[in-house]
Amino acid sequence: MNGKAIHRCLHVLDLQKSLDFYKQALGMTEIRRMGPEDGSWVNAFIGSEGSGFQLELTWNRGRTEPYDNGGRDSHLAFTVPDFDAAHALHGQMGCICHENEAMGLYFIEDPDGCWLEILPEKAEFASQPGVDVLAAMRERRSVRKYSSEPVPQELLERVVRAGLLSASGRARRPWELVVVRDRTTLAALAECRDAGAAMLAGAGAAIAVLGNPEVSDTWVEDCSIVMASMHLEASASGVCSCWVQGRMRTAADGRSTQDFVAELLNVPKPWQLEAILSLGMPAEHPEPREFDKALMEKVHRERF
């Protein structure tokens, strides 16, 4: 069983006071939060740059007495790649001490009485800061089939920010991004190519990357860097993606892909379409790509 520690839970009496403290004292900021609509409890997850580990600050309405954060109400959480297999194993070991079927999780108890939370792998649990770039590149695959689960907004924003932080010639940033989530528009975008864009109809989101030739003569290269950055960040965040080439391609109705997308997304001149990144949550988890040592033959030292 390959478990991955992802966060530690601490119970707090004043959530905002705790958030302010961790931000000021340790530079930790909120990544995401969860809780019921009635606001009776909140789980706020915080982290810092350079570390994939998170703190889960849990606040419960009406609690006035301090918690004992060194006991069972403080715990480590682990994700497992096969939740059912892990549950079966831990059941055989006799170490399951608490189950919460409504939330899809359970706890096991170690020999010293410490509780450990067991969760299935989900995109929102992916380690965000401090990601291993080479590992993300091995796991990056062009995926064209997605589940019906929507792409979490916080993960979509991470992909967008990766694009916005991309390098560009002389820092001119000759690009604009159009983020599409509307299902009708995504279905229409699937016709932007005579072949190779059908996955957009089932995508959870898409990002069109546009370049301005009047701003920079390296707009094609700069837009390609944006696409590559977002493609890689999507992989690191557990979101599947696929590069849909737009420049120099033809739409299903015979028009250029450029003209088709410009009309559909109301793109003004002189902006040109470079490509569209299709995004969706995985219907299945593709195997990571192993590094092919034969590729080293393409590397030359000092001279070609």
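Counting from 1, the numbers follow the sequence of the chain as shown.
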- Message: So S241 and L279, do their side chains get closer than 4.5 Å, heavy atoms only?
- Response: yes
- Do V209 and L177 come close enough that some side-chain heavy atom pair is under 4.5 Å? yes
- Message: So does A203 get a backbone contact from the side chain of S278, meaning a donor-acceptor N/O pair under 3.5 Å?
- Response: no
- Query: Do any N or O atoms from the side chain of Y106 and from the backbone of I96 form a donor-acceptor pair under 3.5 angstrom?
  - Reply: no
- Task: Search all heavy atoms of E274 against all heavy atoms of S224 and return the closest pair with its distance.
- Result: OE2-OG, 3.5 Å
- Query: Can you say whether the rings of W243 and H231 are parallel (under 30°), tilted (30 to 60°) or perpendicular (over 60°)?
  - Reply: perpendicular
- Examine distances only and state if a side-chain atom of S166 and a backbone atom of A162 form a donor-acceptor pair shorter than 3.5 Å. yes
- Query: Counting heavy atoms not belonging to R161, are there more than 12 under 6.0 Å from its CZ?
  - Reply: no
- Query: Hey, does Q258 have a side-chain heavy atom less than 4.5 Å from the side chain of R249?
  - Reply: no
- Message: Between F260 and L186, is there shared hydrophobic-cluster membership here, with clusters defined by ILVMFWY side-chain heavy atoms closer than 4.5 Å?
- Response: yes
- Query: Can you check whether H11 reaches W41 side chain to side chain, under 4.5 Å on heavy atoms?
  - Reply: no
- Query: Any side-chain heavy atom of L164 sitting closer than 4.5 Å to one from W175?
  - Reply: yes
- For E263 and D259, run side-chain contact (heavy atoms from CB on, under 4.5 Å): C-alpha distance rounded to whole Å, both residues' side-chain angles, the deciding distance at 0.1 Å, then the answer. CA-CA 6 Å; E263 180 179 337; D259 290 342; over 6 Å; no
- Query: Can L277 be reached from M199 by stepping across I, L, V, M, F, W or Y side chains whose heavy atoms are under 4.5 Å apart?
  - Reply: no
- Side-chain heavy atoms under 4.5 angstrom apart, residues restricted to Ile, Leu, Val, Met, Phe, Trp, Tyr: same cluster for F45 and L119? yes
- Message: Given 3.5 Å as the limit, does a donor-acceptor pair link the side chain of R172 with the main chain of T218, or not?
- Response: no
- Message: Any donor-acceptor pair under 3.5 Å linking the side-chain atoms of E233 with those of S229?
- Response: no
- Item | R144 side chain vs A197 backbone, donor-acceptor pair below 3.5 Å | no
- Message: I'd like to know if W271 and W219 are part of one continuous hydrophobic network [Ile/Leu/Val/Met/Phe/Trp/Tyr, side-chain heavy atoms within less than 4.5 Å].
- Response: no
- Item | Shortest non-hydrogen contact from S237 toward L155 | O-CD1, 3.6 Å
- Message: Taking the side chain as everything from C-beta on, heavy atoms only, tell me whether L19 gets closer than 4.5 Å to V12.
- Response: no
- Message: Give me the atom names and distance for the closest heavy-atom approach of R183 to G204.
- Response: NH1-CA, 4.2 Å
- Would you indicate whether Q153, at its atom CD, is surrounded by more than 12 heavy atoms from other residues, nucleotides or ligands within a distance under 6.0 Å? yes
- Item | Side-chain heavy-atom pair I276, V178 within 4.5 angstrom cut-off | no
- Query: Are the side chain of R193 and the backbone of A195 linked by a donor-acceptor contact shorter than 3.5 Å?
  - Reply: yes
- Got a sec: does the CZ of R170 have more than 12 other heavy atoms crowding it under 6.0 Å? no
- Item | Test item: R63 side-chain N/O and E65 main-chain N/O as donor-acceptor pair under 3.5 Å | yes
- Item | Straight-line distance of R61 CZ to L15 CG, nearest 0.5 Å | 13.0 Å
- Report the C-alpha separation of K23 and I46 in whole Å, then their side-chain angles, then the decisive distance to 0.1 Å, and conclude whether the side-chain contact (heavy atoms from CB on, under 4.5 Å) test is met. CA-CA 9 Å; K23 183 175 182 179; I46 62 175; over 6 Å; no
- Message: Do V143 and V244 land in one hydrophobic cluster if side-chain heavy atoms of ILVMFWY residues count as linked below 4.5 Å?
- Response: yes
- Item | F291 and M296: CA distance, side-chain angles, deciding distance, side-chain contact (heavy atoms from CB on, under 4.5 Å) verdict | CA-CA 10 Å; F291 181 75; M296 293 304 296; 3.9 Å; yes
- V267 side chain reached by L273 side chain, heavy atoms, under 4.5 Å: no
- Task: Kindly determine whether M103 and E117 satisfy side-chain contact (heavy atoms from CB on, under 4.5 Å), including the steps that lead there.
- Result: CA-CA 12 Å; M103 297 186 69; E117 183 180 9; over 6 Å; no
- Is R247 reaching over with its side chain to a backbone N or O of Q272, donor-acceptor style, under 3.5 angstrom? no
- Message: As an exercise, state the distance from CG of D182 to CG of L189, rounded to the nearest 0.5 Å.
- Response: 10.0 Å
